[in-house]
Protein chains: 2
Amino acid sequence: MPGGDVFLAIASPVRRALLDTLRQGPAPVRDLAADFSISRPAVSQHLRVLRLADLVSESQVGREHQYRLNPEPLQDVRAWVTSYERFWKERLIGLRDLLDSGR
Amino acid sequence: MPGGDVFLAIASPVRRALLDTLRQGPAPVRDLAADFSISRPAVSQHLRVLRLADLVSESQVGREHQYRLNPEPLQDVRAWVTSYERFWKERLIGLRDLLDSGR
DNA sequence: TTGACAGGTAAGACATTACTTACCTATAGT
DNA sequence: ACTATAGGTAAGTAATGTCTTACCTGTCAA
C-alpha cells in the first residue's frame, strides 16, 4: 500500500484518465486498456503506480483482475491545494478592489 | 504563461516547497535557494517549470528577480480532486454503516 | 571603472519514466 | 487435454527530468 507518492501518481494524464474511468465502477484491465492507444502492459504498469500510491485496489475475480478506485489518498492533495485557497481569494478581492477603484 | 502542466509542476516536492515558501510573500531567488541543499541553478530550473505552469510570476527589481506566487492554476487541481469528493464520502458513509451494523 | 552580487542559460552526467515486444502463469471454455 | 483469454513481468530502448559545473549578462557599490 505505501511507498508511492500521490502527487507523482496523478502527474500523468494517462493515470488521471484511468482514475476518471474507475469512477464509473470497478473494471478489469482489459476494459481499462481499451480506452487508450498504448499497449496493455503499459496500462498494467500505470496501474502498478496507482496501486503503490494506494489510489486503486486490485482483486482477482476468476481470471480477471478488478481494479477499484480508492480516492482517500487524494485528500492529501486536496488538503495541500486548499491551503492555497485564501491566497487566490485574496487575489480576486484585490482585483475586484482594483476594478472598483477605476470606476 | 501557458505550455506547462500544473499537475506535473506540483509533482516535485522541491517545487511544492518553493510554492509553500512563496506563500509568505514574494522572494528573490537567493532567498528561495537558501532553503534547499541543491544548487542555485537547480532552483532556477524548478522556478522555470513553475513559471511555465503559471504558478509563479517573475519581476525584476534592481538586480533581484522577485518571484511571486500565483495560485490560480491550482484551481484546476482542486476542481479535479474535488470531483472525487463524493466518492470518498460515500466510502466513509459505507464504513460508518458497517460500524453501526456491528454495534 | 573595477569588483562583488544576482541570477539565467548551456552542456553534460546520471537517474527515472514510459513505452515497446516477448514471455510467462493462471483460468475458462470446448 | 487443448486453446483462447486475462494480465503480470522482464528486458531493452528512447525520452525526460534533475542535478552539477562553467559561463554569461546585468546591476549595485566603492
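Bear in mind that the values here come from a model prediction, so they are computed numbers and not experimental data. Chain A is the first sequence line, chain B the second, and so forth, proteins listed ahead of strands; every chain is numbered from 1.
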Atom [atom1] of [X] to atom [atom2] of [N]: distance rounded to whole Å?
X: His65(A); N: dT5(D); atom1: NE2; atom2: C1'; result: 12 Å
X: Arg30(A); N: dA4(D); atom1: CZ; atom2: P; result: 17 Å
X: Gln60(A); N: dG8(D); atom1: CD; atom2: C1'; result: 10 Å
X: Gln66(A); N: dA26(C); atom1: CD; atom2: P; result: 20 Å
X: Asp5(A); N: dG17(D); atom1: CG; atom2: P; result: 16 Å
X: Glu58(B); N: dG26(D); atom1: CD; atom2: C1'; result: 13 Å
X: Asp31(B); N: dA6(C); atom1: CG; atom2: P; result: 9 Å
X: Glu64(A); N: dA26(C); atom1: CD; atom2: C1'; result: 13 Å

Quiz item: Just checking, any donor-acceptor pair under 3.5 angstrom between side chains of Asp31(A) and Tyr67(A)?
Solution: no
Practice problem: Apply the side-chain contact (heavy atoms from CB on, under 4.5 Å) test between Val56(A) and each candidate in Asn70(A), Leu19(A), Val49(A); give the one that qualifies. | Solution: Leu19(A)
Quiz item: Does the distance from a Lys or Arg side-chain N to an Asp or Glu carboxylate O, for Arg30(A) and Glu64(A), drop under 4.0 Å?
Solution: yes
With sequence neighbours left out, what residues match [X] under side chain to side chain donor-acceptor pair (under 3.5 Å)?
X: Arg48(B); answer: none
X: Arg86(B); answer: Glu90(B)
X: Gln75(A); answer: none

Self-check item: Nearest-nucleotide pick for Arg63(B), side chain only, options being dA6(C), dG8(C), dG7(D)
Solution: dA6(C)
Quiz item: In the 5'-to-3' direction, what one-character label does each nucleotide of nucleotides 9-20 of chain C receive under the scheme B = base within less than 4.0 Å of a protein heavy atom, S = sugar-phosphate only, - = no such atom?
Solution: BB-------SBB
Taking only N/O atoms, report every protein-nucleotides 14-16 of chain D pair under 3.5 Å with atom names and distance.
none

Quiz item: At under 4.0 Å between heavy atoms, what does Tyr67(A) touch on the DNA or RNA strands: base, sugar-phosphate, or nothing?
Solution: sugar-phosphate
Self-check item: side chain to side chain contact (heavy atoms under 4.5 Å, CB included) involving Pro26(A) - partner list, sequence neighbours excluded
Solution: Gln66(A), Arg68(A)
Practice problem: Could you tell me whether the side chain of Arg15(B) and the main chain of Leu8(B) form a donor-acceptor pair under 3.5 Å? | Solution: yes
